[in-house]
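Report on the following structure.
For reference, positions follow the sequence shown, starting with 1.
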Amino acid sequence: MRPELPDYGTFPRWPADGSAWIHPDDLSLVMRLIPSDRVFRREQFDGDFYHYRYGEIRFRLRPCMWLPLADEGIEIGDLVETVGLGLERERFVATIAEMSYEASESRIVYRLCRGAVNDDRLYERDELKVLTDKTKLMPGTTLHPRPQWIEAFRGDALSGDYLHFAADVESDDGTDQ
């Protein structure tokens, strides 16, 4: 059974013996990223490999064990605003620079970047408001009747052949049909 993609998770341990589960072109990159507390996004499956992303970093792995995490609606690169709390917490706009999983607290935490400087503090989901527009259009559910066309006038193109909505044509008695 294939998971619904995209989904999120982390590799707190090396998931398999050896490295046959890593795409050969991505081996050195994956060796630097896993194991860690980073939260990765699994985007697609091409039949052999899952495609993962961590910000701009992309790599491919065969199906393997990882710790799945719930999607919180925030990704690396998203623009967020911190939620103020009276005079205790400063409000500012920043970009998500890192996503990590704190196993001791069973939660995802976010490191923010303001300008070129990464903030040392880690933020939880409830402390952030996403400003990046992530609109997803859903297919329409309203059924609209098809218009029914009738020929109102007969003649050639020069005399003005016209087509009208059936509702726009008046009957001989002066009422709409």
Side-chain angles (χ1 to χ4, degrees), residues 1-16 18-141:
M1 185 172 104
R2 290 191 184 164
E4 188 174 319
L5 300 176
D7 63 345
Y8 297 83
T10 187
F11 294 97
R13 292 173 187 73
W14 193 255
S19 60
W21 53 280
I22 304 170
H23 191 282
D25 295 341
D26 300 331
L27 184 60
S28 63
L29 176 64
V30 172
M31 301 279 283
R32 290 191 311 256
L33 294 174
I34 297 174
S36 72
D37 59 354
R38 292 179 184 92
V39 176
F40 299 100
R41 175 184 162 114
R42 185 166 56 176
E43 296 187 320
Q44 73 181 44
F45 185 66
D46 65 15
D48 289 328
F49 293 93
Y50 280 107
H51 294 243
Y52 292 84
R53 182 167 61 101
Y54 184 76
E56 296 299 316
I57 301 169
R58 296 174 186 278
F59 58 93
R60 295 157 290 184
L61 303 175
R62 290 196 196 304
C64 59
M65 297 291 289
W66 79 327
L67 178 63
L69 300 172
D71 177 15
E72 294 186 342
I74 298 179
E75 296 182 22
I76 294 175
D78 282 352
L79 193 62
V80 295
E81 178 182 15
T82 57
V83 176
L85 183 64
L87 297 175
E88 293 180 30
R89 225 183 289 154
E90 176 188 8
R91 290 180 59 181
F92 60 90
V93 174
T95 304
I96 300 292
E98 298 175 23
M99 288 174 63
S100 303
Y101 179 69
E102 284 187 346
S104 61
E105 301 291 327
S106 298
R107 66 181 180 182
I108 297 175
V109 291
Y110 304 89
R111 186 173 312 279
L112 305 182
C113 177
R114 287 198 270 181
V117 179
N118 282 358
D119 196 343
D120 290 333
R121 185 176 185 277
L122 297 174
Y123 294 83
E124 294 179 44
R125 174 62 177 106
D126 63 345
E127 297 176 298
L128 303 171
K129 177 182 174 188
V130 180
L131 300 177
T132 302
D133 183 21
K134 296 185 180 189
T135 303
K136 292 182 182 177
L137 297 178
M138 306 284 286
T141 57

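The aromatic rings of Phe92 and Tyr123 sit perpendicular, their planes meeting at an angle over 60°, well past the 30° parallel limit. Relative orientation of the Tyr52 and Phe59 rings is parallel, given thresholds of 30° and 60° on the angle between their planes.
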Would you give me the side-chain donor-acceptor pairs under 3.5 Å for residues 93-102, sequence neighbours excluded?
residue	atom	partner	partner atom	Å
Glu102	OE1	Arg107	NE	2.7
Glu102	OE1	Arg107	NH2	2.7

Show every donor-acceptor pair shorter than 3.5 Å between a side-chain atom in residues 70-79 and any protein atom, with sequence neighbours excluded, or say none if there are none.
residue	atom	partner	partner atom	Å
Asp71	OD1	Gly73	N	2.8
Glu72	OE1	Tyr110	OH	2.5
Glu75	OE1	Arg41	NH1	3.4
Glu75	OE1	Arg53	NH2	3.0
Glu75	OE2	Tyr8	OH	2.8
Glu75	OE2	Arg41	NH1	2.4
Asp78	OD2	Glu75	N	2.9
Asp78	OD2	Lys134	NZ	2.5

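Expressed to the nearest 0.5 Å, how far NE2 of His23 lies from CG of Asp46 amounts to 7.5 Å. Rounded to the nearest 0.5 Å, atoms CG (Asp26) and CE (Met31) are 13.0 Å apart. Summarising the geometry, atom CD1 belonging to Ile34 is positioned 13.5 Å from atom CZ belonging to Arg13; distances are rounded to the nearest 0.5 Å. If you take CD1 on Ile22 and CZ on Arg60, they are separated by 12.0 Å, rounding to the nearest 0.5 Å.
Judged purely by atom type and a 3.5 angstrom limit, Arg111 uses its side chain to pair as donor or acceptor with the backbone of Asp120. Side-chain N or O atoms of Trp14 include none that pairs as donor or acceptor with a backbone N or O of Phe11 at under 3.5 Å. The backbone N or O of Leu128 sits nowhere less than 3.5 Å from a side-chain atom of Thr82 that would complete a donor-acceptor pair. The backbone N or O of Ile108 lies less than 3.5 Å from no partner atom in the side chain of Arg125, so there is not a single donor-acceptor pair.
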Checklist entry - What do the steps show when you test Arg58 against Glu43 for side-chain contact (heavy atoms from CB on, under 4.5 Å), and what is the final call? => result CA-CA 10 Å; Arg58 296 174 186 278; Glu43 296 187 320; 3.1 Å; yes
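Residues Glu81 and Arg91 have side chains in contact (heavy-atom distance under 4.5 Å, counting atoms from C-beta outward).
Residue Arg62 places its CZ atom among more than 12 non-hydrogen atoms of other residues, nucleotides or ligands, all under 6.0 Å distant.
Checked for salt-bridge contact, Arg121 and Glu127 meet the test: a charged N lies under 4.0 Å from a carboxylate O.
Residues Gly115 and Cys113 share a closest heavy-atom pair of O-SG, 3.2 Å. Heavy atoms only, all atoms of each residue included: Cys64 and Trp21 are closest at SG-CE3, 3.9 Å.
Not counting sequence neighbours, the partners of Tyr54 by the ring pair (Phe, Tyr, Trp, His ring centres under 6.0 Å) test are Phe40.
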